[in-house]
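Notes to accompany the following structure.
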Amino acid sequence: MLDTTLIMLVLVIGAALAFDYINGFHDTANAIATCVSTRALSVRSAIVMAAVLNFAGAMISTKVASTIGKGIVDAGNVTQMVVLAGVLGAIVWDLVTWYYGLPSSSSHAIIGGIMGAVIAHAGTAALHWGGLKKIILSLILSPVIGTLLGFIVMVIMLWSFKSTPPHSINKHFRRLQILSAAFMAFSHGTADAQKSMGVITMALVSYGALATFDVPTWVKIACAVAMGLGTAAGGWRIIKTVGKDFVKLQPVHGFCVETASAGVILGASSIGMPVSTTHVITSTILGVGLSKRITAVNWNVAYRILWAWVLTIPASAIMSYVSYMVLNPFLGK
């Protein structure tokens, strides 16, 4: 007789790795859009570099994974069906926004997905409102910090090199931007692969394979590989939106964007806060654009991005809620 709980565990792990893969090609733009748009690197070279460094970053820490796995919901109300429906809701939203070239947040999507599935299973009382407040606060504050830091770093650069001819500045920063893009790709790995690590470990605890929430090494490697492969698949739709349509960037701008973004993301990851890499990179681009002039920003694109941000958590929650209600009669226990 088939062990249905084991089958559900396998489905959850498969869905979480699929989410990580999709996260890779969905969020490739976070690490490489600016260096591609400024021609510091070709698309292929940038994607390969990002894939390798995403993998390296994903292996560094599990603090964000612990926040996702323990800070959102009451562990007693987490079933395999809850985790599966939550991941499916996040996957659907990520694919919809990728199709339309919108850089929405995979962090928001997985948080909203888990919330919606738990509400379908046990109601709102099962949510950890204290943990959710901290997570959502970090997701709100990080774009604000990113905008301010991008603006400040760019102004410092403008003052530091005000006597240098623009062509000379861009020649040197085109080389430096390769390093800043690598820094950004590494930081992206420290943040985003850990969402799936948290989800899989949550499922393993629910199944009984783990007594406590402690991310196994094989889960780290599997999630790092999935994200690296997804990154290698690329995501040109979003690269175009972030790197070309939003604000026109030169190498010095790209360097400031990537350096400021990576600093914000690594700082948040070091304390276990799951910030949105999408929000951070886009907000730092906004800050850099504002340092030039207000009209340097394509505000039509900015509004589209803003609406994607606002809708992500509720949309993912609704999709996971529906997924749970549809699948539970057939797969739930």
Side-chain heavy atoms of [X] within contact of [Y], under 4.5 Å:
X      : Y      : result
Ile119 : Tyr324 : no
Leu17  : Cys223 : yes
Gln80  : Thr5   : no
Phe183 : Glu258 : no

Can [Y] be reached from [X] by stepping across I, L, V, M, F, W or Y side chains whose heavy atoms are under 4.5 Å apart?
X      : Y      : result
Ile285 : Ile152 : no
Ile281 : Leu148 : no
Met325 : Val118 : yes
Phe186 : Met227 : no
Leu127 : Val199 : yes

Q: Please report the C-alpha distance between Val87 and Val12 in whole Å, then the side-chain angles of each, then the deciding distance to 0.1 Å, and finally whether the side chain to side chain contact (heavy atoms under 4.5 Å, CB included) criterion is met.
A: CA-CA 8 Å; Val87 175; Val12 168; 5.5 Å; no
(Q) Any side-chain to backbone donor/acceptor pair from Ser316 onto Ile313? Under 3.5 Å, distance only. (A) no
Q. Checking Thr147 side chain against Ser283 main chain: does a donor-acceptor pair fall under 3.5 Å?
A. yes
Which atom names give the shortest non-hydrogen contact between [X] and [Y], and what distance separates them?
X      : Y      : value
Ala117 : Ala85  : CB-CB, 4.0 Å
Ile110 : Gly86  : CD1-O, 4.4 Å
Leu84  : Leu11  : CD1-O, 3.8 Å
Met49  : Ala182 : CE-N, 3.7 Å
Ser320 : Gly113 : OG-O, 2.7 Å
Ala185 : Ala50  : CB-CA, 3.8 Å

Could you grab the distance from atom [atom1] of [X] to atom [atom2] of [Y], nearest 0.5 Å is fine?
X      : Y      : atom1 : atom2 : answer
Phe55  : Ile60  : CZ    : CD1   : 10.5 Å
Cys256 : Gln177 : SG    : CD    : 9.5 Å
Ile200 : Asp20  : CD1   : CG    : 7.5 Å
Met115 : Thr124 : CE    : OG1   : 9.5 Å
Ile114 : Leu132 : CD1   : CG    : 11.0 Å
Phe19  : Ile22  : CZ    : CD1   : 8.0 Å

Less than 3.5 Å apart, which donor and acceptor atoms pair up between the side chains of residues 202-214 and the rest of the protein, not counting sequence neighbours?
from: Ser206; atom 1: OG; to: Val78; atom 2: O; distance (Å): 3.0

Q: Check step by step if side chain to side chain contact (heavy atoms under 4.5 Å, CB included) holds for Ile265 and Met184.
A: CA-CA 8 Å; Ile265 294 165; Met184 179 61 201; 3.3 Å; yes
